[in-house]
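First comes the structure, then the notes that go with it.
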Amino acid sequence: MSLNEVTLNLPNYPMEELAKIRQRLVQAQKKVFDFGTGDPKIPTWEPIRKAVLETLPSISQYPSTRGCPELVTSIWTYLHRHFGITKDSGFDIAASNGSKEAIFHISLCLVGRAGGKRIIGYPDPGYPVYRSSALFAGGVPYPMELKAENGFQLEPWLLPEHVQSQMAALWINYPHNPTGATMTEAHMDKIIAWCQSRDVILLADDCYIDIYDPSWDAQGKRPPSPIQKTSHNVFSFMSLSKRSGMTGYRSGFVVGDAKLMPALHTARANFGVGTPTMIQRGAAVAWADEDHVAERRRIFAKRIDMAFSYLQKLGLIDRKPEATFYLWARVPQGWEDVDFCLKLAEEGVITSPSQWLSEGIKGYFRLALVPDEKDTLEALEILTRFVQSLKV
Ligand SMILES: Cc1ncc(COP(=O)(O)O)c(C=O)c1O
C-alpha cells in the first residue's frame, strides 16, 4: 500500500467539496451566497492588525510553543475575567496554532492511557477532526449521535458498559457546531461527574464560548465551560477564530489540568505548532478586549434572528439557537439532505448537508451565517422560493 490505511481511507474534507461547487457557480457567473463554511468575513478589529504589523521582527527567531509573555498574561486575564480561574487554581496553559491543531494533536497523548484505553468519544454531528485525530493516533473513534429530542445533549452514561469502561477521553462542544445547542451547568456537572467516576479525560472544544445571544450580557450569563468547575482531568480548547474574526491568523490556547500539562508541553514541543510571535502579540491584544467581541455577537444575533424567522415560516426549524452563528434545519419532507443542498446550490445558495457534517445523520442542513445582512436576506428569499416550488 502506497500510504497507510488511515490516510487512504480519509473522506474528502467536506469543505473542499463545497469549495468545488462554489467555484463552478462563480465560473458560470452566478451570484453565490456562501453559507457553507464557518468563516465570517467581518474585518478583524484594527488594534489587533496594528499589533501584528508593529511587531513584525527584523530578525526572525523560533516562536515559543508555550506563548510569549504578553500573550500568556493576556490569556490569564481573560480566563480570570470569565471563568474565575488563575495560575494558582490548578491550571496551566499552552498557546496553540488555532484550536484545530491542538484538537488533532491531543489524541496522540491520550490513546492508550489508563492501562490501554483507546476509545475517543465525540458528538455526532460535529467537528470532523475529533474522528480523524483518533484514527491517526491509533485510537477507536466513537461517534455519539445528538438528537433534537433532548436538545442535542450528550449522555455518555447511556453507552454500553464496554464503551464506558474503555473510553480514554470524551469531547464536548457547547456551544455546538452545527446545532447551536448550549449545555446547562447542571448537565455539565453530570458529564464531569461521569468522566471522573470513569477516569475519562474531558476535552471541551470551547471555540464558540464567546459567541452567544447578546441579551445574555445584561444578565451576566455566559455558556459554561468545565474549567469553571474543576481542573481535574479537564482540557479546554479556546480560539480567536470565531471570537475575534482571526481564522486566518491561527491562534488559540489549551487550558487544563496543571498535573497533565508538563507532559503535554513536552509533547507539543515536538509537533511544530509554535504560532509566529507577531501573531501571538496580536492575539494578546484580542484576548484583552471584549468590545469587539460584543459587536460580533450583535452582528451574528441579527443574522440568526432574520434567518430563523424565514426557516421557521417554512416549517424547517423549531427552536432558535442561543449561541454560535449556525442554524441546523430540517430539509423539506421527502428530500434527502445532499440532494437538497446540491439543488439549492444551483440556485446560488450554498449550505452544508447533514451527511457531510456527521457520520451518516440524514435530513438536516446547516446554514453558517457568514454573508452580511443584505446578502443573507437576498439568499433567504431565494431559499424560500426554492422550498415553496418543491411543494407545488
Ligand atoms: C467545533 C469547532 N472546533 C474547532 C474548530 C477549529 O477552529 P480554529 O482552528 O480556527 O480555532 C472549528 C472551526 O470551524 C469548529 O467549528
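In listed order, ligands and their atoms are each counted from 1.
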Inset, instruction - Give me the ring orientation class for Y78 and F253: parallel if the planes are under 30° apart, tilted from 30 to 60°, perpendicular past 60°. - result: perpendicular

Inset, instruction - Tell me, please: is G252 in heavy-atom contact with ligand 1, that is, under 4.0 Å? - result: no

Inset, instruction - Do me a favour and list the nearest non-hydrogen protein atom to atom 10 (O) of ligand 1 with residue, atom name and distance? - result: S241 OG, 2.6 Å

Inset, instruction - Using non-hydrogen atoms of the residue, decide whether Y208 is closer than 4.0 angstrom to ligand 1. - result: yes

Legend entry - Residue, atom name and distance, where the atom is the protein heavy atom closest to atom 7 (O) of ligand 1: S99 OG, 3.5 Å

Legend entry - Stacked cation flag R131 on Y122, 6.0 angstrom / 45 deg: no

Inset, instruction - Name the closest protein heavy atom to atom 12 (C) of ligand 1, giving the residue it belongs to and the distance to 0.1 Å. - result: Y127 CE1, 3.5 Å

Legend entry - Minimum non-hydrogen distance to atom 13 (C) of ligand 1, winning option of K100, R250, K242: K242

Inset, instruction - Just say parallel, tilted or perpendicular for the rings of Y326 and Y208, cut-offs at 30° and 60°. - result: perpendicular

Legend entry - cation_pi(K313, Y310) dist<6.0 Å, angle<=45: yes

Legend entry - S239 N/O under 3.5 Å from ligand 1 N/O: yes

Legend entry - Heavy-atom pair with the smallest gap, counting every atom of A168 and K117: CB-O, 3.6 Å

Inset, instruction - Compute the minimum heavy-atom distance from D205 to ligand 1 and say whether it is under 4.0 Å. - result: yes

Inset, instruction - Could you list which atoms of ligand 1 come closer than 4.0 Å to a heavy atom of N173? - result: 1 (C)

Inset, instruction - Tell me which part of I103 gets within contact of ligand 1: side chain, backbone, both or neither, using heavy atoms under 4.0 Å. - result: side chain

Inset, instruction - Report, as yes or no, whether the 6.0 Å neighbourhood of atom NZ on K362 holds more than 12 heavy atoms from other residues, nucleotides or ligands. - result: no

Inset, instruction - Could you tell me how the ring of F325 sits relative to the ring of F300: parallel (under 30°), tilted (30 to 60°) or perpendicular (over 60°)? - result: tilted

